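Here's the structure we're looking at; comments come further down.
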There are 2 protein chains.
Amino acid sequence: MTTTRRPRADARRNYERLLAEADAAFREGGIESSLESVARRAGVAIGTLYGHFPTRRALVGALLRERNEGLFDLGDRLLAHPAPDALATWVRAATAHAAAYSGLAALLADGLDDETSELHASCRRMADIGERLVARARETGAVRPDATGDDIIALTTAAASLHEHRSAAEADRLITLTLAGLATTRPA
Amino acid sequence: MTTTRRPRADARRNYERLLAEADAAFREGGIESSLESVARRAGVAIGTLYGHFPTRRALVGALLRERNEGLFDLGDRLLAHPAPDALATWVRAATAHAAAYSGLAALLADGLDDETSELHASCRRMADIGERLVARARETGAVRPDATGDDIIALTTAAASLHEHRSAAEADRLITLTLAGLATTRPA
DNA sequence: TGTTAATTCGAGGCAGCCTCAGTATAGTTT
DNA sequence: AAACTATACTGAGGCTGCCTCGAATTAACA
């Protein structure tokens, strides 16, 4: 058996500082901000950053962890307590999540198919929730019969990208319009 | 007055080769492909590339010139000869244009507001055509009364980004759904 | 206090960005 | 066809960022 030692105090401190500074840097300059600058801001050598986060995506994944839990909780709640606007609520929440940092939307969109991505699992989970929510809406007749989970993925991804490159207003508008299109009774 | 001299033969040759190789490189690796590799492929020193195209965006702009003309011609034709599906045709064509290279959609979306971008003028022209087309559709009653040119920009941008990060199918599907939403008679 | 495994450090190799002083040459003039 | 010169080309060099790895440090435990 492997007796696990308590992690060193400096390691935990550096881990937290790196996360905090990465969050700040990514908010300001997007997800492609220089990792060396993140390490500098955290007062830590570059090697230490790589020790904790071997990959930029691993860092992003760690940054998203808490946020993810909140999102998944919302999804579970929406699934547990049916409501007519559940799908719309979900799409808006997922979009906001994917638009947390500039560049994130693309990373998440790519992460869905890329099994090597540290974000793959959480992307799948998001897709799964969306899928279940449309399925229910389809049964209710709230959305057109050919609506699929992919439609939700596409809409979320697209809206998040819009949020980043155009504005929050345009992103929200796209959601409104596309959901209206999904509510169409007969396929166009 | 400044008399414009004919450019030197070697300059024109290099210009063309650079364009050709940039096109190939960007098709393969997206718009962020290394410019040094483009110069290498063209058999030219890096300084020569910068001599012709001071900016990556300038290079992209040059690459898009012909393509742009074709697109604008289509726009003018659609405006000249009213047809029920003119708007849909335009959105699909503009999306295909914006998805020519991976990374282009984002560049164009940003270029609309950024007056320093070499792509600004052509982005505006695209936006203008879209605007006129929705205006007409609005008058016809083919789209909801609150539809605007921004809706078209948003949809085009979003679909192109989807084309890049998800698939052509999802991009097309978003267009279908959003246009259906725009066709909704009363605002949701 | 000593031991040891975990952690940190940062120099170094590599690639890409972009500039600029020096060099080459196409096109012109005599 | 030689000389001239504006135009264009060259590529080394300074900079930043990516990532790795061997050496140095240090927190945890006995």
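Note on naming: letters A, B, ... go to the chains in the order of the sequence lines (proteins, then strands), and numbering restarts at 1 for each one. Source: prediction; values computed, not measured. Because only heavy atoms are used, hydrogens play no part in the values below, and waters and symmetry mates are left out as well, while side chains stay in.
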Salt-bridge criterion met for [X] and [Y] (N-O under 4.0 Å):
X	Y	answer
A:Asp146	B:Arg173	yes
A:Glu21	A:Arg40	no
A:Arg166	B:Asp113	yes
A:Arg17	A:Asp10	no
B:Arg124	B:Asp128	no
A:Asp73	A:Arg77	no

Legend entry - Candidates D:dG17, C:dG16, D:dG11 - which lies nearest the side chain of B:Arg40: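 So the side chain of B:Arg40 is nearest to C:dG16.
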Inset, instruction - State which of C:dG16, C:dT8, D:dC9 makes the closest approach to the side chain of A:Ala11. - result: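 Closest nucleotide to the A:Ala11 side chain: C:dT8.
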Legend entry - A:Val44 backbone acceptor or donor facing A:Thr48 side chain under 3.5 Å: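 Checked: no pair found.
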Output a table of nitrogen or oxygen pairs between the protein and nucleotides 22-26 of chain C separated by less than 3.5 Å.
residue: C:dT25; atom: O2; partner: B:Arg8; partner atom: NH1; Å: 3.1
residue: C:dA26; atom: O4'; partner: B:Arg8; partner atom: NE; Å: 3.4

Whole Å only: how far is the [atom1] atom of [X] from the [atom2] atom of [N]?
X	N	atom1	atom2	result
A:Tyr50	C:dT7	OH	C1'	18 Å
B:Ile46	D:dG14	CD1	P	18 Å
B:His52	C:dC18	NE2	P	17 Å
B:Arg17	D:dA8	CZ	C1'	17 Å
B:Leu35	C:dT19	CG	P	12 Å
B:Arg56	C:dG16	CZ	P	11 Å
B:Leu49	C:dC20	CG	P	17 Å
B:Leu59	C:dC18	CG	C1'	15 Å

Would you say [X] reaches [N]'s phosphate, i.e. side-chain N/O to OP1/OP2 under 4.0 Å?
X	N	result
B:Arg6	D:dA8	no
A:Asn14	C:dT7	no
A:Thr48	C:dT7	no
A:Ser34	D:dC18	yes

Legend entry - Sugar-phosphate only, base, or nothing, as touched by B:Gly47 at under 4.0 Å among non-hydrogen atoms: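 Base, at least one base heavy atom under 4.0 Å.
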Legend entry - Earlier contact from the 5' end, DNA chain C, for A:Gly43 and B:Glu32: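 It is A:Gly43, whose closest nucleotide lies nearer the 5' terminus.
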